[in-house]
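Report on the following structure.
Model, not experiment: these values are computed from the prediction.
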Amino acid sequence: MESLINLDTLTEEERKIILSVLKKDDELKRTQDKKIGHLKLEIQAIRMKSVLRNGDDLSKICARCHAELGFLFNRGDLCPKCHFRVCRACQEQGLAGTWLCTLCNKQRQLKFFMEEWNKKGKTTKKTGTDLVKASMVKQRTCWRGFGC
């Protein structure tokens with residue numbers, strides 16, 4: 001078992017501050033989970049819309065929205081990541097003039113959020129927040145007279 005932090009020396013005001021920080025941390029985690037869930041739903045919707053139907057020719061339609069591509073104008077461009085031809089409406093502009101199709105862009109955003117989230121404690125490893133919470137629970141149990 002991990003070693004707990006001795007919180008006996010904290011004043012009541014310090015405990016309240018720590019609890020407010022832990023509460024804010026929980027709110028941020030819930031917000032991040034909602035963002036990740038929303039991105040997953042958007043990716044699923046784009047994939048469903050991108051499904052090819054019988055007789056579709058990818059050289060003549062946008063791979064994402066199925067809009068008809070022209071011969072001279074709005075010919076579409078190949079996404080640098082997935083190499084599917086997409087219309088201008090399905091191109092998401094990035095930094096320095098780069099772009100990705102809507103699906104690749106959402107997948108990149110999801111990967112970013114997931115990596116950030118894993119760095120911030122959404123892993124199996126115990127975090128500082130977990131240690132402080134466990135210490136506070138243990139101390140609260142001791143305060144109520146249940147063996148320490």
Side-chain angles (χ1 to χ4, degrees), residues 1-7 9-141:
M1 182 174 157
E2 76 266 357
S3 60
L4 299 178
I5 301 170
N6 183 0
L7 302 175
T9 59
L10 295 178
T11 65
E12 192 60 34
E13 183 65 28
E14 290 169 330
R15 285 189 186 103
K16 287 179 184 178
I17 291 170
I18 290 172
L19 284 174
S20 70
V21 170
L22 292 175
K23 190 177 198 178
K24 180 69 174 172
D25 184 53
D26 283 342
E27 290 172 14
L28 291 173
K29 286 179 183 179
R30 280 193 298 277
T31 302
Q32 190 76 357
D33 282 339
K34 285 180 185 178
K35 284 181 186 177
I36 289 171
H38 184 69
L39 273 173
K40 286 180 178 180
L41 289 174
E42 286 179 355
I43 288 170
Q44 183 180 11
I46 293 170
R47 282 186 176 147
M48 293 301 292
K49 192 175 182 182
S50 299
V51 171
L52 289 176
R53 287 143 188 95
N54 211 7
D56 284 346
D57 182 3
L58 272 179
S59 65
K60 297 180 182 177
I61 62 169
C62 172
R64 299 295 162 235
C65 69
H66 292 252
E68 201 169 314
L69 299 175
F71 184 69
L72 292 176
F73 300 103
N74 194 22
R75 299 179 336 168
D77 295 308
L78 292 178
C79 173
K81 185 159 174 75
C82 67
H83 305 290
F84 281 107
R85 190 168 298 280
V86 295
C87 67
R88 293 246 185 248
C90 293
Q91 295 177 12
E92 303 263 343
Q93 296 299 318
L95 301 174
T98 62
W99 65 273
L100 292 173
C101 72
T102 52
L103 180 61
C104 292
N105 188 53
K106 295 291 182 190
Q107 288 172 332
R108 184 184 67 189
Q109 289 176 6
L110 180 63
K111 182 180 177 186
F112 171 78
F113 280 126
M114 295 296 286
E115 286 177 359
E116 279 295 308
W117 199 222
N118 285 334
K119 288 178 189 172
K120 290 184 179 178
K122 191 71 173 179
T123 62
T124 57
K125 291 169 54 175
K126 296 289 182 187
T127 64
T129 301
D130 297 329
L131 179 61
V132 172
K133 283 181 182 178
S135 298
M136 292 188 101
V137 167
K138 175 72 173 170
Q139 188 172 22
R140 194 174 298 144
T141 305

CG (Leu22) and CD1 (Ile17) are apart, to the nearest 0.5 Å, by 12.0 Å

- Side-chain contact test, heavy atoms from C-beta onward, threshold under 4.5 Å: evaluate it for Lys111 versus Met114 and give yes or no. no

* Is any side-chain N of the basic residue among Asp25 and Lys29 closer than 4.0 Å to the acidic one's carboxylate O? -> yes

I'd like to know if the side chain of His66 reaches the main chain of Ile61, judged simply by a donor and an acceptor atom lying under 3.5 Å from each other, with no hydrogens or angles considered. no

Separation between CD1 (Ile36) and CD (Gln32), nearest 0.5 Å, reads 5.0 Å

d(Glu68 CD, Lys60 NZ) to nearest 0.5 Å is 8.5 Å

Between the NZ atom in Lys40 and the CZ atom in Phe113, the distance rounded to the nearest 0.5 Å is 13.0 Å

Rounding to 0.5 Å, atoms CD (Glu92) and CG (Leu103) come to a distance of 10.5 Å

Salt bridge or not between Arg15 and Glu12? Use side-chain N to carboxylate O under 4.0 Å.
yes

Across all chains, not counting sequence neighbours, the salt bridge (charged side-chain N to carboxylate O under 4.0 Å, His left out) partners of Glu14 are none

- Heavy-atom distance under 4.5 Å between the side chains of Leu39 and Glu42, does that happen here? yes

Would you say that Phe84 contacts Ser50 through its side chain, given a criterion of any heavy-atom pair below 4.5 Å between the two side chains?
no

Do Gln44 and Leu41 come close enough that some side-chain heavy atom pair is under 4.5 Å? yes

Original post:
Do Cys65 and Cys90 come close enough that some side-chain heavy atom pair is under 4.5 Å?
Top reply: yes

| query | Under a 4.5 Å cut-off applied to non-hydrogen side-chain atoms, are Cys82 and Arg64 in contact? | reply | yes

Residues pairing under side-chain hydrogen bond (donor to acceptor under 3.5 Å, both in side chains) where one sits in residues 75-86, two or more places apart or in two chains, turn out to be Asp77-Arg88, Asp77-Gln91

Rounded to the nearest 0.5 angstrom, the CD1-OG1 distance for Ile43 and Thr102 is 10.0 Å

Nearest heavy-atom approach of Val86 to Cys101 is CG1-CB, 3.8 Å

